[in-house]
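What follows is a set of notes on a single structure, which appears directly below.
These figures come from a predicted structure and were not determined experimentally. Every chain is numbered from 1, with letters handed out A, B, ... down the list of sequences.
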There are 2 protein chains.
Amino acid sequence: MASREPDDLPSPSLAGGFAGLLARLMHNLPEDQIRALSGIARLRDIPRGTEVVTEGSPPDEIGYLIGGALGMQKCLPDGRTHIIGLLVPNDIYGRLFNGPAAYDIVALTEARVLAFPRAPFERILEASPEIERRFLVNVLDELDSAREWILLMGGHKIIERLASFLVILLRRTLRGSGPRPAEAPVRVRIPIRRTDLAHYLGTTPESISRALHELESQAILRLLNAYEIEIADLPGLVRISGADHLGPE
Amino acid sequence: MASREPDDLPSPSLAGGFAGLLARLMHNLPEDQIRALSGIARLRDIPRGTEVVTEGSPPDEIGYLIGGALGMQKCLPDGRTHIIGLLVPNDIYGRLFNGPAAYDIVALTEARVLAFPRAPFERILEASPEIERRFLVNVLDELDSAREWILLMGGHKIIERLASFLVILLRRTLRGSGPRPAEAPVRVRIPIRRTDLAHYLGTTPESISRALHELESQAILRLLNAYEIEIADLPGLVRISGADHLGPE
DNA sequence: CGGTAACATTGACGATGGTCAATGCGATGA
DNA sequence: TCATCGCATTGACCATCGTCAATGTTACCG
């Protein structure tokens, strides 16, 4: 049970104009500003493993992730790397006005981004406070996401952390895709390898594997293959993720 | 070895004018805007245990922490609480333009803050893009702090997490206080109780205690009392923490 | 079609740390 | 001064998880 490619590009067939995407990204913006932004946007496909942003160097672009997954990671002195943030479609990366990046950003899968060259983007922001405020709100949301991860990492048992991860992944995956599919079993794609996921959750691939199969044996989910799972009991997953831990299962 | 009061107010004897503080908070701002901000600022002393911001309700003020410690915490369905962020002097809290707070903010010790009523603060921000951009940069820094914590929580052994915590605490405590005292033993005050610290690091008070005394037995630090420690071997502490950065700032 | 590479899984074992219970210590108040 | 309260510490025990080694599975390449 192992497929070698976690890659997953939903291939949004957008032909030239990004106005729709941008409108969703920063809704309620005046028409002319949407047009100004889409004028400098460039669609880029990024092969897996590419370093999109390198720690210590000021990033030369702001990116809006459309497909695939990016990981923010930090290399420790002992050679190991730690993933400290996962970017899924609809996330933004890059820094503004704010010096060099503090972390590497690496494509964990093949990825597709809408890239804004940094300088023109900043000029547009300076010229239009509405966009800047929209961006500020986006950063505040990122901050909430980060705090959510801190909460996740506080879970003692890794099955709790894994459940939290899946809940968050589910929510973020569904985010931005129309109406919520009510209460049917939902399929989710884990966009990264076990090793990366393990680093992300502060554990090991072996423990990830065991926890996943433990969840399967509890009928919380089904493992279709190494990267596709089907959530069969979402309330149960949520319960494990943080609420209930009185009895020993 | 236990003193009941972790409280600690450095008592900045500022008499009426906050211009100096504000100038440091948002340096490079024009004089008139500093004055506009200090016009609406209010100094508040907050007793320990007070809920400064309550989850779910839009905060009615933006705060700049001067003394003491605030904790951002989340109450889980099972009644436990998790600390997901620690605010030390020079930190900012509060949300702008952005809906209700996602977490409680509680005074872990007696604390002193410079409070800006939300509405006038937002008006000043809307009227002056410089301040707004400054605030954006501050939020981006907060985001970096949060990611730093995620990295910290990824450490497998709690002695690593504790060492990371102490390194970060040291840096944040020193931040904003003049030049660095070169290589002498540094005294640091842990501003919170063992239980809170344990929740923060995703562990238990017992393990915190053991890790602290383990560090002492390695001559990395000395425990003066439950809340005051003296860092005797900073490089050693950094080495154990796994990271290699003790940035300036 | 094999063969190999890359990754996931599984099992065994030992270390780390969570849990429970008991004890120590400092502050506060009668 | 003593009693008590809140918290920190310490010790014993055992569940959990990290580590190492072996095996299973899939994709890719000759």
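- In this structure, A:H213 places its NE2 atom 11 Å from P of C:dG11, rounding to the nearest Å.
- Looking at heavy-atom distances under 4.0 Å, A:I158 makes contact with sugar-phosphate atoms alone, never a base.
- A donor N or O paired with an acceptor N or O is found under 3.5 Å between the base of C:dT19 and the side-chain atoms of B:R210.
- Ring planes of B:F165 and B:Y200: perpendicular class, angle over 60° (limits at 30 and 60°).
- Between B:H156 and D:dC17 there is no side-chain N or O to OP1 or OP2 distance below 4.0 Å.
- Interatomic distance, CG of A:L215 versus CD of A:Q218, reported as 6.0 Å (0.5 Å rounding).
- To the nearest angstrom, C1' of C:dG24 lies 14 Å from CZ of B:R194.
- At the phosphate of D:dC17, neither OP1 nor OP2 sits under 4.0 Å from any side-chain N or O atom of A:S207.
- Going from atom CD of A:E214 over to atom P of D:dT16 covers 9 Å, rounded to whole Å.
- Closest to the A:K157 side chain, of the nucleotides C:dG17, D:dA8, D:dC17, is D:dC17.
- When the nucleotides C:dT9, D:dC7, D:dT9 are ranked by their closest atom to the side chain of A:S209, C:dT9 comes out on top.
- For A:I159 and C:dG18, the CD1 to P distance is 17 Å, given to the nearest whole Å.
- A:Y227 has a side-chain polar atom (N or O) that falls below the 4.0 Å cut-off from OP1 or OP2 of C:dA8.
- Side-chain N/O atoms of A:R193 include one lying less than 4.0 angstrom from OP1 or OP2 on C:dC7.
- Side-chain atoms of B:S164 come within 3.5 Å of backbone atoms of B:E160 as a donor-acceptor pair (strictly under, hydrogens ignored).
- OP1 or OP2 of D:dC17 has not a single side-chain nitrogen or oxygen of A:T203 nearer than 4.0 Å.
- C:dC7 atom P lies 13 Å from atom CD1 of A:I192, rounded to whole Å.
- The residue from A:D104, A:L70, A:L65, A:V106 that alone fulfils the side chain to side chain contact (heavy atoms under 4.5 Å, CB included) condition with A:V52 is A:L70.
- Here the P atom of nucleotide D:dG18 and the CD atom of B:E160 are 12 Å apart, to the nearest Å.
- Checking D:dC7, C:dT16, C:dT19 against the side-chain heavy atoms of B:T204 singles out C:dT19 as nearest.
- One interatomic measurement links the two molecules: CG of A:L223 to P of D:dT25, which rounds to 15 Å at whole-angstrom precision.
- Computed from coordinates, the B:I208 CD1 to D:dC7 P distance equals 16 Å when rounded to whole Å.
- Partners of A:S207 under the side-chain hydrogen bond (donor to acceptor under 3.5 Å, both in side chains) rule, at least two apart in sequence or in another chain, are A:T204.
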